[in-house]
Amino acid sequence: MSRFDEEIDRTGTHSAKWDMMETLYNVPADDGLAMWVADMDFRPPNCVQAAVQKMADHGVYGYYGDDSSYREAIRWWMDTRHGWSIDTGAIFTTHGLVNGTAMCLESFTAPGDGVVLFTPVYHAFARVIQASGRKVVECEMPVVEGQYRMDFDAWDAQMTGSETMLVLCSPHNPGGRVWTRAELEGVAAFAKRHDLVLISDEIHHDLVMPGATHTPMALIEGIADRLVMMTATTKTFNIAGAHIGNVIIHDEALRAKFAARMAGFGMSPNSFGLFMAEAAYSPEGAAWVDDLTDYLDGNRRLFDEAVNAIPGLESMSMQSTYLAWVDFSGTGMPRADYVKRVEQDAKIAANHGPTFGKGGESFLRFNFATPRARVEQAVQRLQQAFGDLQ
């Protein structure tokens, strides 16, 4: 039995994923399956639990000082896991990467500027762009042979000159693509052609399926003077509630602008998150991630095989994340009909595709980072809910 097979009851724990699904999706709390928001139903590695226990045992929760060991843990992880050498002085700690995105908007753009997204893409990007008074510029990605592709010729034609930033999701959420080096070089060239600051959100970079290899955007030549890298422990180790993320900026001019905005907002990190992240970025944490990705790959294969056997449903082939992106257009049903079958008949809460922007209209996103028995239950429910199509 895998450590990830343990079914942990998260109801009544202020879990957004489980305690909010009835309010948001009308999926009953008593027997519904929460497969929407992107956190996992697994405990983090023991090294993280031990770090929190050590804090509790000490019992004094004062201001955190001297973060050199925390920065060194980040440097070690990026070097050993991703072949990326970073300067520890280039690291800023934000309250998660949605906050990191918002801080980048404040630092490098002005109200009214266009911010480019390759859609469909993680919905929080558009939310913070709009909330900050900037304009979302949606560049829709075509699907080629069942996967998203870049279409720079079409996107070049869309640019008006009012765009100042591009936010890239790498690996891609919700499509699960691990972009090739050639594609990343294309992104870098696109950003340079249109004089865009490039924000590369790589929060899923540790959760890559066997056979795929993630390339950090920082390893692409000629882009450092306009590049901001964003990474985090939160998705990798299931500590999203710590609200901690890394914004890593090697260009001194960009770094100075970002530092000024951080200072202007009076931001400093939560000590719990610092202790947890430092513990996670360790050999013990690395071994746990290796076990996790193998387990997630098994869940992925189970979910995709079962869903793709249902006529009219297609789960996009993925190389990363724990988020399945399922197209329901083949059913020929109006959106309301297949959503009702998922939420009311199968009693599954899944993210609605339109929130991810252009290209997401016929999709739902399912989170399968849960014990395998629940994935099996979910696919059985879906097969039953769409049983008349078989």
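- Rounding to the nearest 0.5 angstrom, the gap separating the SG atom in Cys139 from the CD atom in Gln158 is 4.0 Å.
- Among the candidates Glu361, His123, Arg335, the single residue satisfying the side chain to side chain contact (heavy atoms under 4.5 Å, CB included) test with His352 is Arg335.
- The neighbour count for Glu284 CD, taken as heavy atoms of other residues, nucleotides or ligands under 6.0 Å away, is above 12.
- Using a 3.5 Å distance cut-off with no hydrogens or angles, the side chains of Ser132 and Glu106 do not pair a donor with an acceptor.
- In plain terms, the two heavy atoms of Ile86 and Ile74 that are nearest each other are CD1-CG2, 3.9 Å.
- A distance-only check finds a donor-acceptor pair linking the side chain of Trp155 to the backbone of Glu140 [under 3.5 Å].
- No donor-acceptor distance shorter than 3.5 angstrom exists from the side chain of Gln319 to the backbone of Ala212, with no hydrogens or angles considered.
- Separation of the Tyr148 and Trp179 ring centroids does not fall under the 6.0 Å cut-off.
- Heavy atoms of other residues, nucleotides or ligands lying less than 6.0 angstrom from CD of Glu7 number more than 12.
- Residues His214 and Glu202 have side chains that bring a donor and an acceptor to within less than 3.5 angstrom of each other.
- Side-chain atoms of Arg226 come within 3.5 Å of backbone atoms of Leu196 as a donor-acceptor pair (strictly under, hydrogens ignored).
- A donor-acceptor pair shorter than 3.5 Å cannot be found between the side chains of Ser15 and Thr13.
- Side-chain N or O atoms of Thr101 include none that pairs as donor or acceptor with a backbone N or O of Phe125 at under 3.5 Å.
- The structure places CD1 of Ile199 at 11.5 Å from CE of Met103, a figure rounded to the nearest 0.5 Å.
- With respect to Trp18, the side-chain hydrogen bond (donor to acceptor under 3.5 Å, both in side chains) criterion is satisfied by exactly one of Asp41, Asp39, Thr11, Asp9: Asp41.
- Shown here for Thr321 and Phe368, the closest heavy-atom pair between the two residues is O-CZ, 4.2 Å.
- For the residue pair Thr231/Asn246, the side-chain donor-acceptor check at 3.5 Å is satisfied.
- Remark: the backbone N or O of Glu314 is not paired with any side-chain donor or acceptor of Asp327 at under 3.5 angstrom.
- With 3.5 Å as the limit, one finds a donor-acceptor pair spanning the side chains of Thr93 and Tyr70.
- A distance-only check finds a donor-acceptor pair linking the side chain of Arg71 to the backbone of Ile91 [under 3.5 Å].
- Aromatic pair Phe303/Phe366: centroids less than 6.0 angstrom apart.
- The closest side-chain donor-acceptor pair between Gln147 and His172, if any, does not fall under 3.5 angstrom.
- The heavy-atom pair separating Gly357 from Pro120 by the smallest distance is O-CB, 4.3 Å.
- For the side-chain hydrogen bond (donor to acceptor under 3.5 Å, both in side chains) condition, the pairs that include at least one residue of residues 44-61, sequence neighbours left out, are Gln53-Asp57.
- A cation-pi arrangement is not found for Arg3 relative to Phe42, the charged atom failing to lie both closer than 6.0 Å to the ring centre and inside a 45° cone about the ring normal.
- Taking the six-membered ring where tryptophan is involved, the planes of Phe356 and Trp325 are perpendicular, since the angle between them exceeds 60° and thus also 30°.
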